[in-house]
Amino acid sequence: MRYSFIQPPKNNFVARIADQRVGYFTTRVTDLSSKDVTPYRDLVERWHLEKADPEKEISPPVKPITFWLENTTPIELRDFIVEGVLAWNEAFLKAGFENAIEVKIQPDDADWDAGDIRYNVLRWTSSPNPPFGGYGPSFVNPRTGEILGADIMLEWVYLTNRINLKKLVPSKYMCSHGSLVQEGKLLADLINDDDPEVIKQSIIRLTLHEVGHTLGLNHNFKASHLHNATDIHNKEITSKLGLTSSVMEYPAVNLAPVGVKQGDYYDVKPGLYDQWAIEFGYRPDLDEDKEKLYWKDQTNQS
Ligand SMILES: [Zn+2]
């Protein structure tokens, strides 16, 4: 067994108290000197974003969240993955940030390994018995909930026609979005004769979902129904609003019935719920309960 230690950052990160109505991963902090019957708080897991110009309604961050594409990623898929990551920037506008997220490509001659925790890497793997189809773990400061780093694992098998029977019943502890997208993609390819939009939109959707996890967002399984049965096939509407209200949902592929023109297969940008959730998690001037910010003082002393 191996343990790795990371020095916690010394910065002015402000912990944000979680609200159960908004689906964030949380870190629980307990005040062991308190006599309160509930001496704990659940803190939202989120990145440390500060406005470069706090006076501006919308400002770039001092330090953006940087993701790297592993240099093993197939060249023909890179643009789709980059598009999926950068699509999150639209949601951050609601929180007052422009260009909150940036993407770089790991150079072929990089002198650092993709497993280096100082880099947030969208990994690309191909395994004979893959245990996942894409997931997005992150690690946080246990005192504040500040996300310190994240990696996303994308797996080749979910772009193939190879179904892993053992994985038909997914583990409840894993994100099975990848395998669901694979099933949807297989069906859409069969019906729509390998329409190139299927691969493009399924990769963007998978990336959006897994990056959403690394931004702190949990699943939202109430987000399927945003449109009626007619509007959902109308690209003019879905290109503006998305197909569902959250990319943290596990939607079925959107296939048009016989006689109806095929619209979007999958969401290619964060949904309305996602934008609202990012605003809740990342807006700096959110009206915090000052008493609750007691945790700021407690948790930032190092
Ligand atoms: Zn998931």
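Counting only distance, with no hydrogens or angles, the side chain of Q262 and the backbone of A256 share a donor-acceptor pair below 3.5 Å. Within the 3.5 Å criterion, the main-chain N or O of Q106 finds no donor-acceptor partner in the side chain of W112. Distance alone, capped at 3.5 Å, is enough to place a donor-acceptor pair between the R16 side chain and the R283 backbone. At distances below 3.5 Å, at least one donor-acceptor pair connects side-chain atoms of T72 with backbone N or O atoms of W124. The main-chain N or O of I232 is found under 3.5 Å from a side-chain atom of N254 such that the two form a donor-acceptor pair. A distance-only check finds a donor-acceptor pair linking the side chain of D267 to the backbone of T244 [under 3.5 Å]. For K51 (side chain) and K56 (main-chain N/O), a donor-acceptor pair under 3.5 Å exists by modelled atom type. Judged by distance alone, the side chain of Y282 and the main-chain N or O of L215 form a donor-acceptor pair under 3.5 Å. Not a single donor-acceptor pair under 3.5 Å links the side chain of D195 to the backbone N or O of V198. The backbone N or O of A52 lies less than 3.5 Å from a partner atom in the side chain of S59, making a donor-acceptor pair.
Side chains of L43 and I17 form a contact here, defined as non-hydrogen atoms less than 4.5 Å apart. Residues W68 and P107 form a side-chain contact, since some pair of their non-hydrogen atoms from C-beta on lies under 4.5 Å apart. Side-chain contact between I101 and F92 is present, with heavy atoms from C-beta onward closer than 4.5 Å. Here the side chains of F97 and P284 are in contact, with some heavy-atom distance below 4.5 Å.
Considering CZ of R46 and OG1 of T144, their distance stands at 9.0 Å, rounded to 0.5 Å. Note that CG of L122 and CD1 of I105 are 9.5 Å apart. Values are rounded to the nearest 0.5 Å. Between the CD atom of Q201 and the CG atom of L243 there is a distance of 7.5 Å, given to the nearest 0.5 Å. One finds the CG atom of N71 at 9.5 Å from the CZ atom of R123 (value rounded to the nearest 0.5 Å). Distance check, rounded to the nearest 0.5 Å: CG of N99 to CG of L93 gives 8.5 Å. One finds the CD1 atom of I117 at 8.5 Å from the CG atom of L148 (value rounded to the nearest 0.5 Å).
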Residues T214, N120; criterion side chain to side chain contact (heavy atoms under 4.5 Å, CB included); working and verdict:
CA-CA 10 Å; T214 65; N120 311 308; over 6 Å; no
Decide yes or no on side chain to side chain contact (heavy atoms under 4.5 Å, CB included) for E83 and K200, but give the supporting numbers first.
CA-CA 10 Å; E83 190 175 333; K200 178 181 177 185; 3.8 Å; yes
Begin from the C-alpha positions of E210 and M153 and carry the test side chain to side chain contact (heavy atoms under 4.5 Å, CB included) through to its verdict.
CA-CA 8 Å; E210 303 307 338; M153 311 298 286; over 6 Å; no
Side chain to side chain contact (heavy atoms under 4.5 Å, CB included) between F13 and N141, worked out:
CA-CA 11 Å; F13 179 82; N141 183 340; over 6 Å; no
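Shown here is K63, whose NZ atom has no more than 12 heavy atoms of other residues, nucleotides or ligands within 6.0 Å. Within a 6.0 Å radius of CG in D79, no more than 12 heavy atoms belonging to other residues, nucleotides or ligands are found. Within 6.0 Å of atom CD in E57, 12 or fewer heavy atoms from other residues, nucleotides or ligands are found, so the atom counts as exposed in its surroundings.
L226 and V253 sit in two unconnected hydrophobic clusters of ILVMFWY residues. Membership requires side-chain heavy atoms under 4.5 Å apart, directly or through other members. Note on I237 and V268: separate hydrophobic clusters, where clusters join Ile, Leu, Val, Met, Phe, Trp and Tyr whose side-chain heavy atoms are under 4.5 Å apart, directly or indirectly. Under the 4.5 Å side-chain heavy-atom criterion for Ile, Leu, Val, Met, Phe, Trp and Tyr, I152 and V121 are members of distinct hydrophobic clusters. Cluster membership for Y119 and W47, using ILVMFWY side-chain heavy atoms within less than 4.5 angstrom, is not shared. Residue I278 is not grouped with residue L272 when hydrophobic side chains (ILVMFWY) are merged at heavy-atom distances under 4.5 angstrom, including chains of intermediate members.
Ring-centre distance between H227 and H233: not below the 6.0 Å cut-off.
The two atoms that bring M248 and N218 nearest to each other are CB-O, 3.4 Å, heavy atoms only. Annotation for F80 and E76: closest pair CE1-O, 3.9 Å, computed over non-hydrogen atoms. Scanning all heavy atoms of the two residues, the minimum distance from R143 to P8 falls at NH2-CB, 3.6 Å. Of all non-hydrogen atoms in E236 and N234, the two that sit nearest each other are N-OD1, 2.9 Å. Closest heavy-atom contact between L208 and W88: O-NE1, 3.0 Å. Of all the heavy atoms in D274 and A91, the pair that sits closest is O-CB, 4.5 Å.
Between F25 and H213, the ring-plane angle classifies as tilted under the 30° and 60° cut-offs. Classified by interplanar angle (parallel below 30°, tilted 30° to 60°, perpendicular above 60°), the ring pair Y24/F280 is tilted.
For the residue pair N11 and E50, no side-chain donor N or O sits within less than 3.5 Å of a side-chain acceptor on the partner.
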